[in-house]
Amino acid sequence: MFGATVGSMKMFLKSADSLNKILVWQQSGSQRDEWLLVQSHVTLQRVHQVILEASVGGEAGDIAIDDISLIHGPCPDSDLCDFEEGSCNWQQEASDDFDWIRKWGSTLNPNTGPESDHTTNAPTGHYYYLPSSMDDQAGQKALMSSPLYSESKGSCLQLWYHMYGKGMGTLNVYQQSLDGKEVLIFSQTGDQGRLWRFAQAELLPRIQPYRILVEGVKTGPTLEGDMAFDDVQLIDAQCPPHGFCDFERSFCSWSNLGARVDQQDWLLGAGATPNPNTGPTVDHTTNSSDGHYIYVDSSVGEWGDMSYLVSDVFQPSSRGHCLTFWYHMYGSHIGTLNVYINDRKMHDGGNEEGYLKWTKAGNSGDQWLQDSVSIKHEEAFWFVFVYQRGMSTGGDVALDDITIQPSSCYSEPSVLPSNNSNALSAGLAVGLTLLIGSIITMFLFMLNRKWKLMNTLTITNNEVPREISMFDMSDHTQHDTQPNYTTDFSFFNILYEPSRHTTETSSDP
């Protein structure tokens, strides 16, 4: 199911003695340019048919199916659970105060809860949520546990959560070993805005099977405290660095805004985009048609339609943050790509974009270009890429290799490392020695000229000057001959022999 206007697909069961169909699975919207596995465990004991039903969403969206099989017994546990076909064998805990509820669409209470799930970004998608009411008491809990995983399975846990409302409580995620010991690996408290948020945590080493527990804790009576979670996934590799995404496997912590705000989604693509003479033919990461990037398909929608891509939340830093990204804007009538930062205050006030920090419009050629944006914000914030569609269909825009680091984008003077400091010290010592040597050279040269002049006067007057006699007072003799200048200058050469001095200086730490 891939394309900007993919419709929906449903799976029904129909028994031979009834005209009614039972919905057991459904999906809508673009699901990446790849084959995805669907499993549904059913227990219908009567003779029945399986019906797959697809509905068209628009011209830019194809749906395909392949490799259908019927297997006796339960479906094997999946590394990813999006709750579209059920609970994925997640279980409600009996010892808690409330149950998590599987839901689609918006929650019943106003000013809280999501309007759609995270998986499909559509009102028909499913998630689990914990409703709030005026009968709630502080500290009451709802707990849900995953299937039992092998101790060798999984290194990183990822999930999406929604915590919007003034009366929001706390969401906790635990890793529980087979013997019942629990370790808190993620926790979030309070209102996090009207967005699905990304969470990930490194799983602790284990020697026995384990479960993942998701716990919601209430703060007290309120109608604005609905919390939800969706798309829980185990990854066998280490968690990716916070703020980096090459889009080779997924959107990482980036997500489409969806709901009523934007008109089109960013799509995960590889190779050339569907529209000719626009968009990239290779990604930036691998420089091949096998590598992935994200893009907006300009063949659908209207002039001025907006597509929002939202990052994870970043905490303020005294060093600021640097956003670095690669973009591809090639084609006729390319629209505008903007980068904003947003925070809770702006978002709660109805501002979906925030402050504009970077903008680019028009054709930049069939090439990947890099740019960066330096941010220093006093509140917790997030980045928003917004593409506004151009006048024609030849305007696909793409992004790849986005990095967000807690530092300035511009180089600043810094203290040299210790090895550079040693080199600088050695260089200063050599320079200082050369300066002193030059001064001594000049002094001896002037002294030598004076000595030569005085010696000339001595020969003329047949008299030995006192200055020359004093040099040889140790042997109580006086020389009435001209001094040996070669011997005198050899004294200077021993004092400052460049090769020898360089060797000694270089050994100085």
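Tyr387 places a side-chain N or O within donor-acceptor distance of the main-chain N or O of Gly335, the cut-off being under 3.5 Å. Without hydrogens or angle criteria, Lys345 side chain to Asp348 main chain gives no donor-acceptor distance under 3.5 Å. Side chain of Ser311 to backbone of Phe383: a donor-acceptor contact under 3.5 angstrom is found. In this structure a side-chain-to-backbone donor-acceptor pair under 3.5 Å is missing from Asp230 to Tyr127. Side chain of Trp100 to backbone of Ala142: a donor-acceptor contact under 3.5 angstrom is found. Asp96 places a side-chain N or O within donor-acceptor distance of the main-chain N or O of Leu143, the cut-off being under 3.5 Å. A donor-acceptor pair under 3.5 Å is absent between the side-chain atoms of Trp266 and the main chain of Ala398, judged by distance alone. A donor-acceptor pair is defined here as one N or O able to donate and one able to accept, closer than 3.5 Å; no such pair exists between the side chain of Arg319 and the backbone of Lys376. In this structure, Trp104 contributes its side chain and Ser116 its backbone to no donor-acceptor pair below 3.5 Å. Glu248 places a side-chain N or O within 3.5 Å of a backbone atom of His292 that can act as its donor or acceptor partner.
Between Met329 and Lys360 there is a side-chain heavy-atom pair separated by less than 4.5 Å. Counting only heavy atoms from C-beta outward, the side chains of Val339 and Thr359 never approach each other to under 4.5 Å. Leu309 is listed as a side-chain neighbour of Leu399, based on a closest heavy-atom distance under 4.5 Å. The shortest side-chain heavy-atom distance between Leu234 and Leu157 falls under the 4.5 Å cut-off. Side-chain contact check for Asp82 versus Gln233: every heavy-atom pair is 4.5 Å or farther apart. Counting heavy atoms from C-beta on, the side chains of Phe229 and Tyr128 come closer than 4.5 Å.
Thr324 approaches Gln370 most closely through the heavy-atom pair CG2-NE2, 3.2 Å. A pairwise comparison of heavy atoms in Ser145 and Arg211 identifies CB-CD, 4.2 Å as the closest pair. Shortest non-hydrogen contact noted between Tyr164 and Gly193 is CB-O, 3.2 Å. Looking at every heavy atom in both residues, Arg206 comes nearest to Lys153 through NH2-O, 2.7 Å. For the residue pair Ser298 and Gly395, the shortest heavy atom distance occurs at OG-N, 3.0 Å. Between Gly125 and Thr120 the shortest heavy-atom distance is CA-OG1, 3.4 Å.
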Please assess His162 against Tyr129 for the test ring pair (Phe, Tyr, Trp, His ring centres under 6.0 Å), listing each intermediate value before the final yes or no.
CA-CA 9 Å; His162 197 285; Tyr129 92 111; over 10 Å; no
Check against ring pair (Phe, Tyr, Trp, His ring centres under 6.0 Å), Phe325 and Phe385:
CA-CA 11 Å; Phe325 59 97; Phe385 281 92; 5.2 Å; yes
Before you tell me yes or no, could you show the steps for Asp191 and Arg344 under side-chain contact (heavy atoms from CB on, under 4.5 Å), namely the whole-Å CA-CA distance, both residues' side-chain angles and the distance that decides it to 0.1 Å?
CA-CA 9 Å; Asp191 185 356; Arg344 280 280 310 283; 3.2 Å; yes
Starting from the C-alpha separation in whole Å, work towards a yes-or-no answer on side-chain contact (heavy atoms from CB on, under 4.5 Å) for Tyr340 and Val386.
CA-CA 8 Å; Tyr340 299 85; Val386 180; 3.7 Å; yes
side-chain contact (heavy atoms from CB on, under 4.5 Å), that's the test. Do Phe244 and Ile404 meet it? Break it down for me.
CA-CA 6 Å; Phe244 171 74; Ile404 303 169; over 6 Å; no
I would like to know whether Asp400 and Ile294 meet side-chain contact (heavy atoms from CB on, under 4.5 Å); could you show each step before the answer?
CA-CA 7 Å; Asp400 201 2; Ile294 57 173; over 6 Å; no
Could you go through His347 and Glu352, starting from their C-alpha distance and side-chain angles, then the distance that decides it, and tell me whether this counts as side-chain hydrogen bond (donor to acceptor under 3.5 Å, both in side chains)?
CA-CA 6 Å; His347 191 257; Glu352 299 291 351; 3.2 Å; yes
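Around atom CD of Glu34, more than 12 heavy atoms belonging to other residues, nucleotides or ligands sit under 6.0 Å away. In Asn351, the CG atom is crowded: over 12 heavy atoms of neighbouring residues, nucleotides or ligands sit closer than 6.0 Å. Within a 6.0 Å sphere centred on CZ of Arg249, other residues, nucleotides and ligands contribute 12 heavy atoms or fewer. Within 6.0 Å of CG in Leu204 there are more than 12 heavy atoms belonging to other residues, nucleotides or ligands. Residue Tyr355 places its OH atom among 12 or fewer non-hydrogen atoms of other residues, nucleotides or ligands, all under 6.0 Å distant.
The side-chain hydrogen bond (donor to acceptor under 3.5 Å, both in side chains) check on Asp371 picks up Trp358, with sequence neighbours excluded.
Outside the 6.0 Å centre-distance limit, the rings of His328 and Tyr295 are not counted as a close aromatic pair.
One finds the CD atom of Gln91 at 10.0 Å from the OG atom of Ser146 (value rounded to the nearest 0.5 Å). Note that the CE atom of Met9 and the CD1 atom of Ile65 stand 7.0 Å from one another [nearest 0.5 Å]. For the atom pair Phe314 CZ and Gln405 CD, the distance stands at 10.5 Å (nearest 0.5 Å). If you take NE2 on His377 and CG on Asp343, they are separated by 3.5 Å, rounding to the nearest 0.5 Å. Rounding to the nearest 0.5 Å gives a distance of 4.5 Å between CZ of Phe2 and CG of Asp33. Remark: Met144 CE to Ile212 CD1 distance equals 13.5 Å, nearest 0.5 Å.
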Show me, pair by pair, the donor-acceptor contacts under 3.5 angstrom made by side chains of residues 50-61, not counting sequence neighbours?
residue: Ser55; atom: OG; partner: Ser8; partner atom: N; Å: 3.4
residue: Ser55; atom: OG; partner: Ser8; partner atom: OG; Å: 2.7

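The closest side-chain donor-acceptor pair between Ser30 and Asp265, if any, does not fall under 3.5 angstrom. In the model, Glu151 has no side-chain atom that pairs as donor or acceptor with a side-chain atom of Gln208 under 3.5 Å. Under the 3.5 Å distance criterion, with hydrogens and angles disregarded, a donor-acceptor pair is assigned to the side chains of Asp401 and His284. One side chain, Thr170 or Thr189, offers a donor N or O that lies under 3.5 Å from an acceptor on the other. No side-chain donor from either of Ser155 and Asp236 sits under 3.5 Å from a side-chain acceptor of the other. No donor-acceptor contact under 3.5 angstrom links the side chains of Thr278 and Asp396, judged on distance only. Side-chain atoms of Thr112 and Asn109 include no donor-acceptor pair closer than 3.5 Å. A donor and an acceptor atom, one from each side chain of Tyr308 and Glu353, are located under 3.5 Å apart. Donor-acceptor pairing under 3.5 Å is lacking for the side chains of Asp117 and His126.
Using cut-offs of 30° and 60° for the angle between ring planes, the Tyr210 and Tyr149 rings count as tilted.
The salt bridge (charged side-chain N to carboxylate O under 4.0 Å, His left out) pairs that include a residue from residues 119-146 are Asp136-Lys218, Lys141-Glu215, where partners are two or more places apart or lie in different chains.
For the pair Arg197 and Tyr161, the cation-pi test (distance below 6.0 Å, angle within 45°) is failed.
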